[in-house]
Structures are given as structure tokens and as C-alpha cells.
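Heads up, the thing below is written out as C-alpha cells.
In each ligand, atom 1 is the first atom listed, and ligand 1 is the first ligand listed.
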Amino acid sequence: MFESVSIGGRGTASVAVIGQFKGEDLDPRSAAIDPDAYAEFAAGQNDATGEVGSVLSVFPADGYERVFIVGLGDREGFKPGALRNVAGALARTLARAMIDDVELRLHDAVVSLNDPPSKSDCGRALGEGLGLASWNYDELRGEATDVPERWPLTVRCEDEAFEDGLKTGVAIAAGSNLCRTLSQTPPNIATPEWIAEQCKKLARETRLKCSVISGDKLLDEDLTGIFTVGQASENEPCFVRLEYRPTRIARSAKPFVLVGKTMTYDSGGLSIKVGGSMRGMKRDKDGGCAVIGAMHTIATVIKPDIPVVALLSCAENSISDEAYRPDDVITFRNGVTVEVTNTDAEGRLVMADALCWACEKENPAAIIDMATLTGGVVVALGKVFAGLWCDDDKLRAAVEEAGQATGERVWRLPHDPAYREMMRSPIADIVNSAPVREAHPIQGAAFLSYFCEEGIPWAHVDIAGVHAIEKDQGPLIPGPTGFGARLAAEAIARFAAAD
Ligand code: BES
Ligand code: ZN
Ligand code: ZN
């Protein structure tokens with residue numbers, strides 16, 4: 001909708017935005033914006049519902065040239081997160097009206113609440129929404145398309161706490177938008193090597209450390225899953241490690257580790273995807289993209305006082321005479337042997353390497369992995385919740401609370417020895433896909449559990465349902481949602497603060 005969003009700066013805006021709760025008149029502070037009471041009059045009309053998503057345009061006689069009244073939803077139970085969707089509706093209206101400078105006065109309505117949420121949380125949610133709404137991907141439009149003109153939006157706010165929140169929110173959205181841009185990039189451009197280049201660029205820009213292990217060198221480190229899955233593609237697989245270190249920190253401080261499935265394309269391999277199910281598999285890298293987005297937010301906004309390490313397993317699941325086969329057996333770096341029964345269950349093989357590495361090499365305080373792992377989670381939870389597997393109370397609380405706060409919600413599913421049993425192989429330790437289709441997303445989590453050391457807090461998040469949408473949704477447009485970038489960054493902030 002916009003080219004970018006910036007907060008504050010010199011000058012004044014001729015357009016103001018005020019809020020209205022559902023089924024109510026304007027609160028006195030918001031009404032005071034227009035002494036001639038045009039705004040109040042408009043807010044009393046039938047189409048001024050106050051529902052989230054409603055935006056009304058008013059032309060006062062004096063003062064502001066124009067005032068927008070945005071619906072804030074129910075006063076009862078109001079949560080800052082509603083403002084993300086409010087921002088979406090507002091941004092669409094502003095873009096249509098070609099307005100590039102507004103003063104936000106939603107704090108007036110917020111402070112009228114009985115037990116008002118913090119203004120900075122409200123500003124942050126609104127800033128996130130505006131930032132998310134400003135994402136677009138025009139890079140690949142060619143000569144045959146008229147790309148709509150986009151311009152920067154300036155947002156002002158006289159309330160300091162609200163304005164600080166807005167700035168934070170816009171900065172956090174930048175991480176999600178980075179994730180979305182990477183996700184949207186097609187597989188002939190976004191190869192594993194390209195992903196590694198993007199990580200190096202991020203590291204240069206935000207002072208992270210970055211190292212990459214590619215091709216045959218993966219075998220020197222026993223990263224056999226990534227190597228095997230990627231061996232059919234002329235685009236070499238790789239393993240990327242990013243590290244954030246706070247300035248003052250004990251050498252022995254344990255890092256929080258993020259792990260991302262980064263399949264730059266999933267054709268299914270020899271167990272080829274059929275009937276249109278291959279389309280969209282450029283987005284099989286979205287777990288890794290979310291991790292990269294989260295690292296952006298961690299390095300630029302959250303800056304937690306614990307180290308954070310990101311591990312990306314990057315490969316293209318392709319087909320050639322060198323492709324791995326159903327019936328192959330792979331030995332992993334922790335000694336577990338896996339019989340391949342389906343080359344389309346490749347995500348768990350590349351994730352296994354990164355989880356082993358995390359446990360063996362990083363001495364982690366906790367691990368979160370994010371992956372577009374199974375179609376089954378889409379069937380189970382649709383596009384509403386990501387699947388969450390986590391048996392550690394502290395880590396699970398951090399992830400679930402982060403889900404509520406960011407709107408990137410998770411729903412817990414079980415680990416159980418019975419599911420681990422389902423993965424047993426007749427000739428190796430385990431299979432990568434059990435012969436029965438029952439409980440597929442749980443099978444995926446059970447498989448991964450063979451590569452996580454007991455006692456290390458670990459959360460697995462299956463984002464296959466929530467990583468992309470087909471219709472407008474709040475501040476998001478069809479395409480990648482960036483799911484996971486805000487969730488992981490916020491979960492780390494909460495986990496670090498809970499110590
Ligand atoms: N990348 C897919 C999962 C997926 C499905 C992601 C839909 C996004 C949208 C994964 O690698 C896969 O193919 N999983 C199979 C596993 C099966 C063959 C054991 C699945 O879930 O069907
Ligand atoms: Zn697959
Ligand atoms: Zn996949």
C-alpha cells in the first residue's frame with residue numbers, strides 16, 4: 001500500500017485519525033478534536049459502527065482538513081492487538097485517498113478505557129500493523145505491468161509513549177517484512193546460496209556473526225540430512241549459522257537457539273508431489289525466513305541480554321539421477337539411523353541435522369524450531385493456529401504468551417512415546433514417514449524428538465498452515481504472512497525476561 005512508514009518528524013499533518021468503540025459515541029477527548037461537532041455527528045450515524053475495520057471520513061469546518069474515525073471494536077475486553085487490524089483498515093483507506101501524512105489520536109480513545117492497556121503496547125501494535133501494511137513485492141513486475149505508484153507515509157503522534165510504541169512496532173514489522181520478501185522470492189533466484197548471501201548481508205547490516213557450510217563440507221561436519229536431501233539439485237545445499245551476542249555478557253551464557261527449515265523448493269523429490277500440490281513450494285523455506293526475520297528484530301529492536309543463535313538448514317528437494325531414494329538409509333550425527341520411506345518428508349531430515357548441532361555444539365538454554373513441516377497441520381488447525389509441541393513449561397509459556405501478544409497464535413499438540421514408536425523402522429532406527437497417515441503432524445514432531453537431547457527445553461512450531469494466505473487479512477495482503485518472525489523474537493524476549 002505504501003512504500004514505507006515513518007513516525008514523527010517536523011511539521012504538522014492536516015489529517016487526523018481518532019477512534020470510536022463499538023456502539024458508542026465518541027469519547028470526550030476524541031470529540032474535542034472538532035469543536036464544530038462534525039466528527040461527533042458522523043460518529044452518531046448508523047454506518048459508524050465502531051467495529052474493527054470500519055473507517056469513516058469527516059470534513060470538519062475548521063482545523064483539520066479531514067478526520068478519519070476508525071472503529072476500535074468492543075470497549076469490553078479491548079486488547080492492543082486489535083489495533084493491528086485497525087491499522088490494516090486505516091492503511092487501505094489512506095492509500096486509496098492518497099494521503100501521505102496523518103496525525104494519530106487513538107490514545108484519546110484508549111485512555112478512556114476503565115483499565116487502559118499501556119500506551120506503548122497500543123502504539124506498538126498499531127505500528128506493527130502499519131508496517132505490515134506497507135509491505136509489497138513489485139521487484140519482478142516487468143514491462144507489461146503498470147505498477148501502482150507508492151509513496152512514503154508519515155505518521156505523527158503527540159503522545160510520547162504512544163509514539164515510542166509506534167516506532168518500535170514499525171521496526172518489528174521490518175523483520176516480518178524481510179521474512180515475507182525472502183518467502184516471496186522465487187526458487188530460481190532464492191537458492192540455498194542466495195539465502196546464505198541474504199544472511200551475510202543481514203549480519204553486515206546488524207552486526208551479527210554469520211558462517212556458512214556448503215556442499216561437500218556438510219559431510220565433514222556430519223550434516224548428512226541436509227547433504228542427502230540437497231544432493232539432486234545443482235543448487236548446493238548449505239547450513240547457515242547466525243549469532244547475536246549482547247555487548248556485556250558472560251562467556252558461559254547459554255544461547256537461545258532458533259532453527260528454521262529452509263527448503264528453497266520442495267518438489268517432493270522422487271516421491272514427487274502430484275496434482276498441483278507442488279505449486280507454492282517455494283514457500284517451503286518459510287521457517288528459515290521467519291528465523292531470519294526474527295534475527296533482524298532481535299538485533300535491531302529486542303536486543304535481549306542473552307545470546308541468540310540461528311541455524312538454517314537450506315536445500316532444494318529436487319530430482320535427478322543423484323536424488324536420494326525411498327529405501328536409502330542415512331546415519332545422523334547423533335548416531336540415529338533413518339530409513340527413508342518418502343522423499344517428500346524431507347523437512348524433518350534437514351531439521352534433524354540442525355537440532356543435533358544445536359544440542360551438541362551450542363549448549364542451548366532453549367531451542368525453538370519453525371518449519372512448514374506437514375500438510376497434516378493445515379488439515380488440523382487451518383490458517384488460524386500454528387501447531388506447537390513443547391513439554392517445557394517455561395518455554396511453552398513464553399511461546400504461548402508471545403503468540404497471544406503478536407497475534408501469531410499457536411495451539412499445543414502432544415508428544416508421547418506412542419508416537420515415537422510409530423516411527424520405528426524394520427531395518428534402521430526410525431523411518432522418516434510412517435506407513436500410516438494417522439496423526440501426521442505429530443509424527444513429524446515425534447521424528448524430530450529423536451534429535452533433541454532430553455532436558456533441553458525445545459519447542460517445535462509447524463507453520464505449514466499459517467505461513468501464507470490467499471485473501472486480505474488485517475494488515476496483510478495475499479501471499480506470505482511472515483508468521484514466526486514476531487512470534488520467535490517475542491518468545492525470546494519473554495524467555496530472557498523470565499529468568
Ligand atoms: N513441505 C511439505 C509440507 C507442506 C504442505 C508445507 C503444505 C506447506 C504446505 C512437506 O515437506 C511434505 O511434503 N510433507 C508431507 C509428508 C508426507 C509425505 C510424509 C505431507 O505432509 O504430506
Ligand atoms: Zn516435502
Ligand atoms: Zn517440505
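- The pair E490-R124 meets the salt-bridge criterion, since a charged nitrogen lies less than 4.0 angstrom from a carboxylate oxygen.
- When side chains are defined from C-beta on, I298 counts as touching M295, because their heavy atoms get closer than 4.5 Å.
- Polar contact check, R348 against ligand 1: no nitrogen or oxygen pair lies under 3.5 Å apart.
- Within the 4.5 Å cutoff, the side chain of E316 has no heavy atoms near those of the P187 side chain.
- Contact annotation for M278 and ligand 1: no heavy atom of the residue comes within less than 4.0 Å of the ligand.
- Summary of contacts: the protein heavy atom closest to atom 2 (C) of ligand 1 is D266 OD2, 3.6 Å.
- Here the heavy atom of the protein found nearest to atom 9 (C) of ligand 1 is M281 CE, 3.7 Å.
- Not one N, O or S atom of G347 sits under 2.8 Å from the Zn ion (ligand 3).
- Proximity of Y265 to N188: side-chain heavy atoms (C-beta onward) are nowhere separated by under 4.5 Å.
- Taking a cut-off of under 4.0 Å to the non-hydrogen atoms of S433, the atoms of ligand 1 that pass are 19 (C).
- Look at D284 and K261 and you find a salt bridge, because one of the NZ, NE, NH1 or NH2 atoms lies within 4.0 Å of a carboxylate O, short of that distance.
- The closest non-hydrogen atom to atom 18 (C) of ligand 1, taken over N342, D462, N317, comes from N342.
- No salt bridge links R494 with E400; every basic N to acidic carboxylate O contact stays at or beyond 4.0 Å.
- Only side-chain heavy atoms of K273 come within less than 4.0 Å of ligand 1; its backbone N, CA, C and O stay farther off.
- A salt bridge links R412 with D391: the distance from a Lys NZ or Arg NE/NH1/NH2 to an Asp or Glu carboxylate oxygen falls below 4.0 Å.
- Looking only at heavy atoms of the protein, atom 12 (C) of ligand 1 is closest to D344 O, 3.2 Å.
- Interface atoms of ligand 1 facing A345, defined by a heavy-atom separation under 4.0 Å, are 19 (C).
- For atom 22 (O) of ligand 1, the closest heavy atom belonging to the protein is R437 NH2, 3.7 Å.
- Salt-bridge formation is not detected for the pair E197/K201: no Lys NZ or Arg NE/NH1/NH2 atom is positioned less than 4.0 Å from an Asp or Glu carboxylate oxygen.
- Under the ring pair (Phe, Tyr, Trp, His ring centres under 6.0 Å) rule, W357 has a single partner from F332, F239, F451, which is F239.
- Between D328 and R325 there is a salt bridge, since a side-chain N of the basic residue sits under 4.0 Å from a carboxylate O of the acidic one.
- The O atom of D344 and the OE1 atom of E346 subtend an angle of 70° at the Zn ion (ligand 2), given to the nearest 10 degrees.
- Residue Q443 does not touch ligand 1, judged by heavy-atom distances below 4.0 Å.
- Within ligand 1, the atoms closer than 4.0 Å to a non-hydrogen atom of T372 are 1 (N), 2 (C), 3 (C), 6 (C), numbered from 1 in the order shown.
- Taking the Zn ion (ligand 3) as the apex, the angle formed with OD2 of D266 and OD2 of D284 is 90°, to the nearest 10 degrees.
- In this structure, E454 places its CD atom where only 12 or fewer heavy-atom neighbours from other residues, nucleotides or ligands lie under 6.0 Å away.
- Taking atom 20 (C) of ligand 1 as the reference point, the nearest protein heavy-atom neighbour is G375 N, 3.7 Å.
- Here atom 14 (N) of ligand 1 lies nearest to L373 when heavy atoms of V379, L373, V431, D284 are compared.
- Every atom of ligand 1 with a heavy atom of K261 under 4.0 Å away is listed here by number and element: 1 (N), 10 (C), 11 (O).
- Residue-ligand proximity, H440 to ligand 1, at heavy-atom distances under 4.0 Å covers atoms 17 (C), 19 (C).
- Listed by atom number, the atoms of ligand 1 under 4.0 Å from E346 heavy atoms are 11 (O).
- The residues K217 and D220 are annotated as not salt-bridged, no charged nitrogen and carboxylate oxygen being separated by less than 4.0 angstrom.
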